[in-house]
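Data block below; observations after.
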Amino acid sequence: MSGYLPIALMLVVAALIGIISVSVGFLIRPRKPEKVKLSVYECGMPEFSDARQRYNVRFYVIAMLFVIFDVETVFLFPWAVSFDVLGLFGLIEMIIFIIILVFGYFYAWKKGALEWA
Amino acid sequence: MENILSILIFFPVVAAVFIMIFSKSGKFAMWSAFIASVIEFILTIPLMTNFDKGSAGMQFVERYYWIRSLNIDYYLGVDGISILMVFLTTFLSAIAILGSFTYIQKRQKEFYVSMLVLEAAMVGVFCALDFFLFYIFWEAMLIPMYLIIGVWGGQRRIYAAVKFFLYTLAGSVFMMLAIIALYFKYGSMTGEYTFDILKISAMGAQFPLGFQIIVFLAFFFGFAIKVPMFPFHTWLPDAHVEAPTAGSVILAGVLLKMGTYGFLRFCLPITPIASIKFVPLVAILSVIAIIYGGLVAMVQEDVKKLVAYSSVSHMGFVTLGIYAFNQSGIEGGILQMFNHGIITGALFLLIGLIYERTHTRLIADYGGIAAKVPVYATVFLIFTMASVALPSMGGFIGEFLVLVGAFKAFPTYAGLAALGVIVSAVYMLWMYQRVFFQSVNPNLHHLDDMTVREVFYMIPLIIVVFWTGMYPETFTSYMHESVKALVEQLNAVSVAMK
Amino acid sequence: MISNLVSIMPELLMTIFGLVLIAIDVMTRKNSKSGVGYFGIFFIIIAVLASIPVGGFKIFGFGQTLVWDMYSFAFFCVFAIAYILTTIGSVDYLRERDILKGEFYIITYFSIVGMMFMVSATDLAVLYAGMETMAISMYILAGFEKKNLKSNEAGLKYFIIGAFSSAIFLFGLSYIYGYTGTTKYAEIAQMISANGLNNFNIKLGMVMMLAGLAFKISAVPFHMWAPDVYNGAPTPATGFMTVAPKAAAMGAIVRFVWIALEPAAAQWQLFFSILAVLTMTYGNLVALAQNNVKRMLAYSAISHAGYMLIGVVSMNELGYQAIAFYTMVYAFMNIGAFTILSLMKNKGIIEDERLESFAGLGKKYPIISLAMLIFMFSLAGIPPLAGFMGKFYIFTSAIKSGVIWLAIVGVINSVIACYYYMRVTIFMYFKEPEYEVTVDMKAASFIASLIAVVFVLVIGVFPSFFMNIVKFMIV
Amino acid sequence: MLVELIFVVIKILVVITVLLLGVAYMTWLERKVIGHMQVRLGPTHVGWKGLLQPIADGLKLVAKEDIVPTMVDKPVYIIAPLLSLIPALSAFAVIPFTNATINLFGKEYHLYITDINVGLLYILALSSVGTYGIIMSGWASNSKYALLGSLRSSAQVISYETAMGLSLVGPILLAGTLSLKGITEAQTNGLWFIIPQFVAFVIYLISAVAETNRAPFDLPEAETELVAGFHVEYSSMKFAMFFLAEYANMYVVSSIATIVFLGGWNGPFGPSFVWFAAKVLFLMFFYLWLRATLPRLRFDQLMTLGWKILIPIALVNVVVTSIVLYAIS
Amino acid sequence: MTLQHYLALSAIIFTIGMTGVLVRRNLIVMFMSVELMLNAVNINLAAFSKFLNALGGQVFIVFVMAVAAAEAAVGLALIITLFKNKPTVNADELNTMNG
């Protein structure tokens, strides 16, 4: 457990640095809000509409692919660590696993999930 | 000859499939169905002639493995009781099909297919010697009958069909549970798991009383609905009235008999002790059915409904006779079953053919038609007389034997039942008077008499009615031995109980 | 190592074939996607034939976490049947709605892999993995018709409640793991027989876990998703969903009860019997009130889960066999019914699946109506149709184990159920049509319903062969 | 125990200080190096050779007005920069930059902060958290540029994260551990993993550049089309924090590359820390070099490169490595 | 930190998640609540795994996480397809099939 205590401390320190550096200028920085300054940037024009509109679904597809592939990658890590212990059977199993992954990958490819045009 | 029962069961099915596939017109369907049913009837004749009347056991036995994992066999056979029922079934089916030629105007093909399938299932019920097989046939009758009532029936046909179906099903599912229970009970007692009706029957007396009572009640519930006995009879008027003629004929002629057949075949031998314990219940319900059915019939305005309620009354005699537990009572009951099938079937056919002409069944719409349709009036009179049990006609012998048997067993009930005979005379004759005599209803100017075809199918019925009335020995000789064996078994049990 | 591979050989084969299907899907043109399904049929038949456990052998794999035996095989047959019928029967429906995509078949195919893991699992981890493989595929299937709001809703509802139920399942599982120290069925059984079931936490875990499984079989009171999902999903998908996942969850429950709960069987009998009674009764009573046949069949699917649960309650070999047999029979009759239902079309006046659509069908389309009649009466359990054999088997098992009251409740329910199945036939045969309805029977659907009808009849009359398939050896 | 704790805090403070200084002077170096490459001088006025420029920039940012536009989702808007910075800094908790030890009160202590057996996984996890900062900032700003920038950025980051993760599997196979110290030690008496895993190294390097949104993969902040990307609405220290996070992340990925592929602290002679720093700085220089050399990719090219080229190669690399490894052993 | 502490924590998180699913009507929030429940399970498994000194629980967590990822992918896809047809994420508006 002791290995993780420094990490917790590190997180705390990092957070403190962040918070402090945001708030340190609080006393000295000017504060002159005005309407135009407080509007969001849109090439200098008054803002047109709310920005949170529907956007390209491809971003979503990419996110989905990532979730799947990344989690599959996670399975590779423990396998790689204990590769020696698992031996041939582990290798075969992981190759099967990767084959399934590859099929899914090429399927996504062929279906155009990886295209961005 | 050894496969005659299978042939009897499956020939109509084959014919039905044949009709379904090859029939292009209704006419073709109806003629081929008729021919098939006549062949079926002809096939029963060698069955009757080759039957060994001197034996109480099962004959023409067939047995093949069917579902080995549960020891279910394809097991058929007939004894003196069931052979008469098989005869009745094939006989009435042929006549009912012939009687539908003009009555059924729409979707003839389907109708005749249903009739043939129904016939096969009915024969199967009477021949089955394996509980499971029996139950299959028993339930398989429901679908064609349901369709016959529902598709070709009268105004309230849907209601009637559903009611018929659900009542019967409700009764029979408990029977199924009883059958399964028997299977395990017999298995645990002997180590042999089987659905063999004969083997289980032979063990009947040894089942513990509590178990017998449960099984008896389950069976009783199923059969009483089918008979129908007094509190369970409400489906019957609806079903009979709404069904097409052929449906009513089969319903009254054969289906009702299955209930009483079930009592004879299952309740008595398998649960003898419980049966003896429940004699008062059954006897009282029978007497109520006889009198109540008669009284209700008296006030009916619809001829068909009247006949339907008369069935309740007549079937009361059957159950009364069976539960007398003596030779004459049971034989009378069986004979009454047979006769009731013929007579009520004929009455329904007659009502059907006049309905085709007038499209009404209300007594008030008729009157004085005897002069217009003399042949019809004569035939109707014959069956009315048979129904009120005029001596020399079929009905008399049956009711007489039942009453003789019942007097031996329970005189009070028998006395009350005898009242029922009088009631039946009242309502039948009164009905006959109102329909055929009195003043002519002005609406009935064009009324044709019976056609040759109609006369042709009434003749065999008339012959049988007189035959059973004059010379019942022809039929009773078949059942003597079987009934004797049954009575002996029951006596042994009742002696043991004392 | 070899035994490991052999023990998952069927699943492995199915996976490989599934991957091949993906390749085929990618390579076929848009208008010939049904080929993917047909290849799937071919593959699944090969897989079934290749995985028959000759002589009733039984192979444990991966440290006794799963097993391939006759019992798994019986359920594999059920899944294969469901797949084959759904595939053939769905082609026309999917093409009509413009959702004939290879994915439909691929997802169905992979869901079967999950189901196979479920029934052959002897370890909770494997069970969970299989269950989720199945469930996730099912969410997609339910929402497969992307442009149809109903289908979207079905998919989402199924998803939210399905995920919720798996979370409950998992929470229970974690307790069982924590307090017994194992996830293997056999070791759980040892723990129970050693210590009894007095530990509250284990009991809680069991209840939560079984509740999670009960969600999957749509047992009351965990059924609330079922009607909407079954109603909204594309009809062939519904047919599949009412059969295969239910069979798989049943198989999993049976194996769990059979091995892990064996020492405490008597205590769990009550739990399952309450579940069974509620499920049957609720499903049937609500089905009575439905005017949409699809929804009615959805509720009937709930009630059928109740009948199957009777087999669990029996806690004897016969009951477990009965469940396998029942699911097999149910596959034929229910998918058959859904195939026909998927063909009903009227011109936008009322919903296609309304009861009124069936009015007068008997006259207009006699063959289709006859098939529907057979399915309905089979579902109702009228002999000599297959449905009766299933019910008979179930009730036999119940009586054998002495829970006669449950059998009585069961038969009363089947009588009630009869009424709503009959309503369909009433409309088909006894009523005149009010709306113009067309049934566009193409070759594929015809073959699917024909297969179903033939098997419903054949199993009804000659059940021996099929009963022998579900005969398995006890552990 | 207390001593240990204090020592750890000191180590953390030192590391963070060094890191922040490194970040600050990286900005100076960047301007200088790129300036010289483009035959300019870069900053010269503040201090000798402009050496105080980063300090001046920092002070300026602190003193600037902190504009929070009216339409933003305020809590998210404020948390977003923190969420970028904290993971970037925290990643250094597990980086073993030297094998030197120090003896305090009779007990040996490492100079790096800590070593855990899942160090690599920890860093990958933290870098995923950083994505939240980006997407939250874009969403909270309620600006079209910011939103599009953040979406692009997160799409890019997650796309290359897969390739990056896969490319690390090969070295892990060789080392047999996820501990960064363990990986370094595995290279002490053998080849650096860059030799057997050169393919993985290249993939990792490309992914690392993309991960940190650096040129030529700096689409999220492409000035010409997106103005500044996801942090367009940020000013003052909040803006600075995104900046800090970006450079800190560059240090993180360079350190990982050093440890996993370049042997970490291992060197033929001299103190280990120097070797480590030299390798990291070389990689940092490489970053600048890239920025000065390569034009920006189009977004579809970027995605194609990530998904269609790097991932398959990385997968093949994993399979080949494992098979070869099995064959050898 | 005894086992009970972990169990209590996970029970609380689980309850929060469960309440979230049952009470909230925003589909996304409901989905997130489900994920919360899964994480409660993970805490349980990790705690048990630690105190039983058995690795099984931790392996299980990887399972759960993988499944949760797949579920997320599918679930969000379903929400998106719904949104295309009917711009809502309110569970109460999923009422096309009432009955």
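The chains referred to below are lettered A, B, ... by the order of the sequence lines, with proteins before strands, and numbering in each begins at 1.
At a 4.5 Å heavy-atom cutoff, C:Y158 makes no contact with chain E through either its backbone or its side chain. Looking at E:V64, the atoms closer than 4.5 Å to chain C (heavy atoms on both sides) sit in the backbone and in the side chain alike. If you measure heavy-atom distances from E:L52 to chain C, the contacts under 4.5 Å come from the side chain alone. Both the backbone and the side chain of E:S10 come within less than 4.5 Å of a heavy atom in chain C. Heavy-atom distances place both the backbone and the side chain of E:L27 under 4.5 Å from chain C. Residue contact with chain C, scored on non-hydrogen atoms closer than 4.5 Å, involves the side chain of E:F60 exclusively. Only the side chain of E:V21 comes within contact range of chain C, judged by heavy atoms closer than 4.5 Å. With a 4.5 angstrom heavy-atom cutoff, C:N148 touches chain E only via backbone atoms.
Annotation for E:D92: atom CG counts as buried by contact number, over 12 foreign heavy atoms lying within 6.0 Å.
The greatest number of non-hydrogen atom pairs below 4.5 Å with chain E, out of C:L173, C:T183, C:V286, is found for C:L173. The candidate with the highest count of non-hydrogen atom pairs below 4.5 Å against chain E, out of C:L124, C:L149, C:L156, is C:L156. Ranked by non-hydrogen atom pairs under 4.5 Å with chain C, the options E:V67, E:L45, E:L3, E:L38 are led by E:V67. Chosen from E:N85, E:V34, E:I79, the residue pairing most often with chain C at heavy-atom distances under 4.5 Å is E:N85. In terms of heavy-atom pairs under 4.5 Å with chain C, the best-connected choice from E:G57, E:A70, E:G17 is E:G57.
Of the N and O atoms on the side chains of C:T65 and C:D123, not one donor lies less than 3.5 Å from an acceptor on the other residue. C:E132 and C:S166 are linked by a side-chain donor-acceptor pair at a separation below 3.5 angstrom, with hydrogens and angles left out of the test. Counting only N and O atoms by type, the side chains of C:K294 and C:T235 include a donor and acceptor under 3.5 Å apart. Under the 3.5 Å distance criterion, with hydrogens and angles disregarded, a donor-acceptor pair is assigned to the side chains of C:T182 and C:E187.
Taking the side chain as every heavy atom from C-beta outward, C:I112 and C:E11 never approach each other to under 4.5 Å.
Between E:F48 and C:Y179, the ring center distance clears the sub-6.0 Å criterion. Within the 6.0 Å centre-distance limit, the rings of C:F144 and C:F104 are counted as a close aromatic pair.
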